[in-house]
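Single-structure report; data block below.
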Amino acid sequence: MPRNAPARLVGAALLALLASCATPPPPPPEQPPPVPPAVDPGPVVGRDNDYVIVSARSGETMASLAERYLGDAGKAWWIAQLNNASTVREGQIVVIPLRQRNAIGVFANGYQTVPILCYHRFGTKTSKLNVTPAAFEQQMEWLARNGYTVVTLARLARFLDGKEALPAKSVAITIDDGYRSSYEIAYPILRKYGFPATVFLYTDFVGASDAMTWAQMKDMTSSGLVTIQPHSKSHANLTQRLPNETDARYRDRIRREVDAPVTVIKERLAEPIFAFAYPYGDVNEYVVDLLVKDSVGQGVTVTPGGNPFYAYPYMLRRTMIFGNDDLDAFKAKLVTFVRTGARTP
Amino acid sequence: MTARLLVAAALAVAGCAQVPADRPPVQAPAPAATLPPANRSVADAIARHRKLADDARRTGDLATAAQHLQIATALAPDDPSHSRELAAVRAAIDKDVRDNVLTGTAAMSAGELDRANAAMLRALALDPSQPDAARALREIDRRRLTRIQADKAARATQQGEAVARSSSPRTQGEVNDGFDIDQAIEMLKAGDASNGLRDLRAYVEANPGNRAARQRIGNAVADRARELEDQGAREQAATLYDQAVSLRGDGNAPWAARMTSLKKKLSLEYLDKGTRVYRTNLAQAIALFETSVKYDPSNTQASIKLSEAKVAREKLEKIK
C-alpha cells in the first residue's frame, strides 16, 4: 500500500460527506422572460437625460469614463470640469454630463474667451516680430504644462456658433506671412507638443529668400497639424487707397488681394479656405463682403484680446506675441476668462 | 496530515448544518456602518450637491444651483424635496432671464451698449440657450469692432490729410505703436523688398516729421542693402542704399561712407565696361557711361567719356 493511502481514504470520505449535505438543485424554472443584455449596472448610481452618475471603479480615469459613457475619450475634460477634479479614485461619485448644456462658456461670474496668438517670425535675430526658438519652445511648454488646450480655428468657429464647448483654457496659434522659420523652427516645436496652428500666407511672398516653399507648406499641411490660410496677395493694407486711386480701381485691387491667395492656396495645397488674416489687422465692410462671397467664414485682426462666443467672426481679436515678451508677458496675454461677478465657475 | 483532514471534514459538516428557523435574524447595524462604500459616497454626494446648490442660490447663481439640484434629484429620485426645489429654482431662472432680456433690449434701443451687454450676459448665464441674448451680444460685438476699425481708418485718413495740408513736421508722439514699421521691415528683411519698401514709404509719407521712426526705417533698409552687398548683389544694394537715404531724410547716415564707396566702385566698373565696347558698340557704351555717371556724378572721366561718345554718335548720324 502506498504511504499516503490513509489520507486518500479520508479525503474521499470528506468529499462524500460534503456531497451529501449539498441541497438538491431546484427544478428548472419555467421559460424566463427575455431580459436586456447585462451592461454592468454596478457603478451607475444615478441617471437622467443630462447626467449619468457613477461610482468610479478601481483604475478608472476621466478618459476611460468619457470613452465608456460619451463614446469619446477626448471629452474627458467635460467630466473633469464639471467635477472640478482631474483624477478619479475608486468609489468616488463622478457626475458625467451627457451633453454640454453651456457650450458658450457664460457663467454667473464671467465668460470664457479664446485668445488667438499671433506670431510672425522665428530666429535668433533681435526684432520685435522675431521670437527666438528658445522663447517659442518655452511658451509652448508652458501651455502644455499648465493645462491649456490649443484648438484649431475650425474648432473656434464651432464655439462661436455655439455648437461646441471648448475646454476652459483654450487658445489658438497663428503664424503670419509664411516665413521659412515657420517651417524650420516653429513646426518641429508644434509637432513635439501636438499643437495645431494656422499659417496665414501672403502669396506674393513665396519665392522670396526667407519665405517657405510650397513643398514645405505641403509637408506641414499633410501632417494634419497645420493649415495654410490667406493673408492677402501682397500684404497691402486693404483699407488704404493709393494716391489718386478711384473707387473702382480700389475695389478691383482689393478684390485681387482677397481672391488671388484664396485661389492659389486652394490650387497649390488643396486646402479648404475658411479664414483670412487682414494685413496690419485692418479691414472694412468691402473686404468683409468679399470674404462672405468667397465663403470664408472668419477674418482675424490684430485688435488685442480674447474671443468670447459672441465675437464677430469677421473681426476676431488676435494677440501679438513679440520677440521681447518674456514668459510673464506671454502669460499675461493668455486671458481665457473675463470676470463679471464674484463667483468662480 | 490525516488528523488535520479529519478536523476539516468535521468543520465542513458543521458548516453545512441548517440554521434553526426560530433563530432571530442578525440585527442590522446602523446604516452608516453597513452601507457599502459606493452607497455611503452616494449619501455624501447628495449632501454635497445640496450644499453646493444652497451656496450657489445664496450668491444668486441660479444656474449652478439648478445644476446641483438636478444632480441631487438624479441621485435620489425618490426624495421629492430635491425636485420641488429644482422646479422652484427653474421658475426663478425663467423669470430672471425674461427680465434681463427685456432690460438688455431696452438698453440696446437706447444705445447703451455696456448696459445691454451686461444684461444679456446675465440672461445667458442663467440660460445658455437663450437665442435673443446671444444674437444681441453678437450684434454689440460687431458694432464695437466695426467702430474700432473705423476709428483706425479715420486716424490714418486724418494723418494723410494733415500731411497734405501742411509740411510742418509732426512730433514723435504722433507715431502709432510701431507695428506697421516692424511688419514692413520684416518683409524687407525676408526678401520681399518691393512690398516692404512700399509700406515703409507709405509710413514715412504719413509721418514725415517722425525723425526717430525715419532713422530706424532708413537704417533697416541700409542693413538690408549691406546684406545684399555682402552677397554680391551690389546693384540691388546700391538701389536700396538710395531708398535708405530718401526714407531716412537726413544727411547723417552712419552707412553713408560704405554706400559712397560701393557706388564709386560700380561707377568705375561701368566706365571700364563702356570703354571696352566703345569701338564696337557705341550705343551700349553710352548706356554704360550713363550708368557710371549715375552711380558717381563726380566721376569726371566717365562724364568726359560720355560726352565724347555722344559727340561721336552725332557725327555718325550726320554721316549716315
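These values consider heavy atoms only, across backbone and side chains, with no hydrogens, waters or symmetry-generated copies.
Residues A:V95 and B:H49 have side chains in contact (heavy-atom distance under 4.5 Å, counting atoms from C-beta outward).
Side-chain atoms of B:S129 and A:R101 include no donor-acceptor pair closer than 3.5 Å. Judged purely by distance below 3.5 Å, without hydrogens or angles, the side chains of A:Y202 and B:N195 never pair a donor atom with an acceptor atom. Side chain to side chain, A:D177 and B:Q183 meet the donor-acceptor criterion of an N or O pair below 3.5 Å. For the 3.5 Å distance criterion, the side chains of B:Q149 and A:T301 fail to qualify, holding no donor opposite an acceptor. Under the 3.5 Å distance criterion, with hydrogens and angles disregarded, a donor-acceptor pair is assigned to the side chains of A:D48 and B:Q70.
Neither the backbone nor the side chain of A:Y314 comes within contact range of chain B, judged by heavy atoms closer than 4.5 Å. Heavy-atom distances place no part of B:R122 under 4.5 Å from chain A, backbone and side chain included. Both the backbone and the side chain of B:L124 come within less than 4.5 Å of a heavy atom of chain A. Using a 4.5 Å cut-off between heavy atoms, B:A63 makes no contact with chain A at all.
Proximity of a side-chain donor or acceptor of B:R198 to a complementary backbone N or O of A:S234 within less than 3.5 Å is detected.
A salt bridge links B:K152 to A:D282: one of the charged nitrogens lies within less than 4.0 Å of a carboxylate oxygen. B:D182 and A:R121 are not joined by a salt bridge, as no carboxylate oxygen comes within less than 4.0 angstrom of a charged side-chain nitrogen.
Environment of CD in B:Q231: crowded, with over 12 heavy atoms of neighbouring residues, nucleotides or ligands closer than 6.0 Å.
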